[in-house]
*Asks:* 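The structure's right below; bear with me while I get my questions together.
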Number of protein chains: 2
Amino acid sequence: MESQDLRKAGLKVTLPRLKVLEILESAQQRHMSAEDVYKALLEMGEEIGLATVYRVLTQFEGAGLVSRLSIEGGHAVFELEDGTHHDHLLCVRCNQIEEFIDEVIEQRQRVIAAEKGFQMTDHSLYIYGICRNCQS
Amino acid sequence: MESQDLRKAGLKVTLPRLKVLEILESAQQRHMSAEDVYKALLEMGEEIGLATVYRVLTQFEGAGLVSRLSIEGGHAVFELEDGTHHDHLLCVRCNQIEEFIDEVIEQRQRVIAAEKGFQMTDHSLYIYGICRNCQS
DNA sequence: GTGTAAATGAGAAAGGTTTTCATTTATATT
DNA sequence: AATATAAATGAAAACCTTTCTCATTTACAC
């Protein structure tokens with residue numbers, strides 16, 4: 001009953017929105033670009049325009065249903081929002097993305113923001129590297 | 001004698017390169033986009049193409065003379081390399097950028113990368129917030 | 001001074017994302 | 001259940017930052 005999620009978010013229940021949600025929920029990869037979602041829709045037989053995919057993802061972000069990662073060099077990727085804040089490790093070879101949570105870092109960030117007189121609104125931490133599989 | 005910096009970096013000493021270096025060294029703002037540099041050059045009376053500014057900044061980055069920050073939502077900004085690794089605090093109102101160094105966070109990042117089996121190549125941490133001046 | 005490889009300028013092209021606008025659709029209302 | 005209305009969609013154009021192409025100019029080695 002994903003329709004409820006959409007209604008709760010104040011969005012009309014439309015086929016493109018339901019299908020995009022479905023893709024995000026069932027995809028093998030948790031992190032997908034707009035293009036990835038678009039292609040997955042095509043494979044599913046749904047002819048939904050790329051512009052609509054972008055619009056829907058942006059609305060979902062606004063509604064708190066997904067988060068947007070702005071990774072270095074290029075396109076954004078989206079992940080279903082699961083309520084947990086986490087940061088990311090990205091493999092520069094295979095583009096795989098892993099997540100991690102580190103309370104020590106979180107705490108230090110709060111301290112630093114306070115020290116500098118900043119009212120923190122957000123923060124993003126990306127660790128780039130070569131994952132275990134790609135080191136061979 | 002900035003010419004030496006260029007020669008040391010294996011770059012020919014050309015007027016565009018000297019002028020871009022000059023802008024970066026004398027600018028009131030330490031963090032500048034390619035467009036910022038381009039405009040500063042125009043104000044200085046130097047007719048240097050935007051493509052050249054991009055090329056020069058990219059070469060400077062390769063030569064270790066400047067660092068490129070990939071901040072959220074759009075264009076890259078460049079800063080003169082001063083040898084110190086540091087992270088950034090960005091004001092979402094006035095776009096001012098502050099720098100900070102935190103050895104605890106650095107250390108935790110190394111630990112996390114190791115735990116996940118990543119050979120870390122780079123990392124980027126941005127704290128977004130409202131700076132002291134903009135909170136009034 | 002001259003030759004040669006490298007650098008530049010202008011504009012075109014690229015790549016990801018957003019906008020426009022006419023058409024379609026979901027939902028509130030009758 | 002039919003209808004009105006505001007919102008959503010598709011397709012293509014526009015956008016924006018950045019890179020590339022290619023003819024011309026320039027720096028540096030000889």
Side-chain angles (χ1 to χ4, degrees), chain A residues 1-23 31-42 44-63 65-78 95, chain B residues 1-23 31-42 44-63 65-78 95:
Chain A
M1 277 298 103
E2 300 135 331
S3 315
Q4 300 315 315
D5 297 332
L6 294 176
R7 269 191 253 277
K8 242 188 305 180
L11 297 170
K12 281 190 187 174
V13 178
T14 65
L15 188 126
R17 288 174 180 158
L18 286 172
K19 291 300 176 187
V20 170
L21 254 192
E22 194 177 325
I23 292 289
H31 299 92
M32 302 183 81
S33 67
E35 193 78 31
D36 291 337
V37 172
Y38 175 65
K39 284 181 187 154
L41 287 167
L42 287 185
M44 205 181 188
E46 297 294 341
E47 301 250 332
I48 292 172
L50 182 55
T52 299
V53 173
Y54 273 105
R55 269 188 297 237
V56 168
L57 288 171
T58 301
Q59 290 156 347
F60 282 6
E61 185 191 15
L65 294 173
V66 306
S67 304
R68 179 193 304 255
L69 312 192
S70 302
I71 57 182
E72 219 160 283
H75 49 211
V77 302
F78 299 83
N95 295 316
Chain B
M1 277 297 103
E2 300 135 330
S3 314
Q4 301 314 315
D5 298 332
L6 293 177
R7 270 191 255 275
K8 242 187 305 180
L11 297 171
K12 281 191 188 174
V13 178
T14 65
L15 190 125
R17 287 174 181 159
L18 286 171
K19 291 301 176 186
V20 169
L21 253 192
E22 194 178 325
I23 293 289
H31 300 92
M32 303 182 79
S33 67
E35 193 77 32
D36 290 337
V37 173
Y38 175 65
K39 284 182 188 155
L41 287 167
L42 287 184
M44 206 181 189
E46 299 293 342
E47 301 252 331
I48 293 172
L50 183 55
T52 298
V53 172
Y54 273 104
R55 268 187 297 236
V56 168
L57 288 171
T58 301
Q59 290 156 349
F60 282 7
E61 186 191 13
L65 295 174
V66 306
S67 303
R68 179 194 303 256
L69 312 191
S70 302
I71 57 182
E72 219 161 283
H75 49 213
V77 302
F78 298 84
N95 295 315

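Just so it is clear: chains get the letters A, B, ... in the order the sequence lines come, proteins before strands, and each one is counted from 1. When reading the values below, keep in mind they use all heavy atoms of this one structure, side chains included, and skip hydrogens, waters and symmetry mates.
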*Asks:* Tell me the interatomic distance from B/E46, atom CD, to C/dT8, atom C1', rounded to whole angstroms.
*Replies:* 14 Å
*Asks:* Roughly, in whole Å, what's the span from CG in B/L18 to P in D/dA27?
*Replies:* 10 Å
*Asks:* Within the structure shown, what part of the strands sits under 4.0 Å from B/R7 by heavy-atom distance: base, sugar-phosphate, or nothing?
*Replies:* sugar-phosphate
*Asks:* On DNA chain D, check which nucleotide each of B/V13 and B/E35 is closest to and give me the residue with the more 5' one.
*Replies:* B/E35
*Asks:* Among the candidates C/dG16, C/dT27, D/dA12, find the nucleotide nearest to the side-chain atoms of A/A51.
*Replies:* D/dA12
*Asks:* Quick one: which of D/dT17, C/dT8, C/dA5 gets closest to the side chain of B/H75?
*Replies:*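 Closest nucleotide among those given: D/dT17.
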*Asks:* Please report, rounded to the nearest Å, how far the C1' atom of D/dC20 is from the CG atom of B/L50.
*Replies:* 13 Å
*Asks:* For the pair made of CG in A/L11 and P in C/dT27, what is the distance, rounded to whole Å?
*Replies:*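 Taking atom P of C/dT27 as the reference, CG of A/L11 is at 11 Å.
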*Asks:* About how many Å separate CG of A/D36 and CG of A/L41, when rounded to the nearest 0.5 Å?
*Replies:*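 It is 11.0 Å, given to the nearest 0.5 Å.
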*Asks:* Would you classify A/R55 as touching base, sugar-phosphate or nothing, given that sugar-phosphate means primed atoms plus P, OP1 and OP2, and contacts are heavy atoms under 4.0 Å?
*Replies:*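 A/R55: base contact, heavy atoms under 4.0 Å.
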*Asks:* Atom CZ of B/R17 and atom C1' of C/dG9: how far apart are they, to the nearest Å?
*Replies:*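 For the pair B/R17 CZ and C/dG9 C1', the rounded distance is 14 Å.
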*Asks:* May I ask you to say what B/I48 touches in the nucleic acid, namely base, sugar-phosphate or nothing, with a heavy-atom cut-off under 4.0 Å?
*Replies:*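 Sugar-phosphate contact only - B/I48 comes under 4.0 Å of backbone atoms but never of a base.
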*Asks:* Among D/dT9, C/dT17, C/dA7, which is the nearest nucleotide to the side chain of A/Y54?
*Replies:* C/dT17
*Asks:* Is A/E47 touching bases, backbone alone, or none of the nucleic acid, heavy atoms closer than 4.0 Å?
*Replies:*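 Contact class for A/E47: sugar-phosphate only.
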*Asks:* How far apart are the C-alpha atoms of A/N95 and A/H31, what are their side-chain angles, what is the distance that settles it, and do they pass the side chain to side chain contact (heavy atoms under 4.5 Å, CB included) test?
*Replies:* CA-CA 10 Å; A/N95 295 316; A/H31 299 92; over 6 Å; no
*Asks:* CZ/B/R17 to CZ/B/R55 distance, rounded to the nearest 0.5 angstrom?
*Replies:* 9.5 Å
*Asks:* Do the side-chain N or O atoms of A/T14 get closer than 4.0 angstrom to the phosphate oxygens (OP1, OP2) of C/dA26?
*Replies:* no
*Asks:* Can you work out whether A/V56 or B/A34 has the more 5'-proximal nearest nucleotide on DNA chain D?
*Replies:* A/V56
*Asks:* Between atom CD in B/Q59 and atom P in D/dT19, what is the gap in whole Å?
*Replies:*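 So the CD-P distance, B/Q59 to D/dT19, works out to 12 Å.
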*Asks:* State, with a plain yes or no, whether a side-chain heavy atom of B/L15 is found less than 4.5 Å away from one of B/I48.
*Replies:*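 Side-chain contact under 4.5 Å: yes.
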*Asks:* Of B/V66, B/I23, B/V77, which is the lone residue that meets side chain to side chain contact (heavy atoms under 4.5 Å, CB included) with B/M32?
*Replies:*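 With B/M32 as partner, side chain to side chain contact (heavy atoms under 4.5 Å, CB included) holds for just one option, B/I23.
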*Asks:* Quick one: B/Y38 OH to D/dC16 C1', roughly how many Å, whole number?
*Replies:* 15 Å
*Asks:* Nearest whole Å is fine: how far is C/dT18 C1' from A/E61 CD?
*Replies:* 14 Å
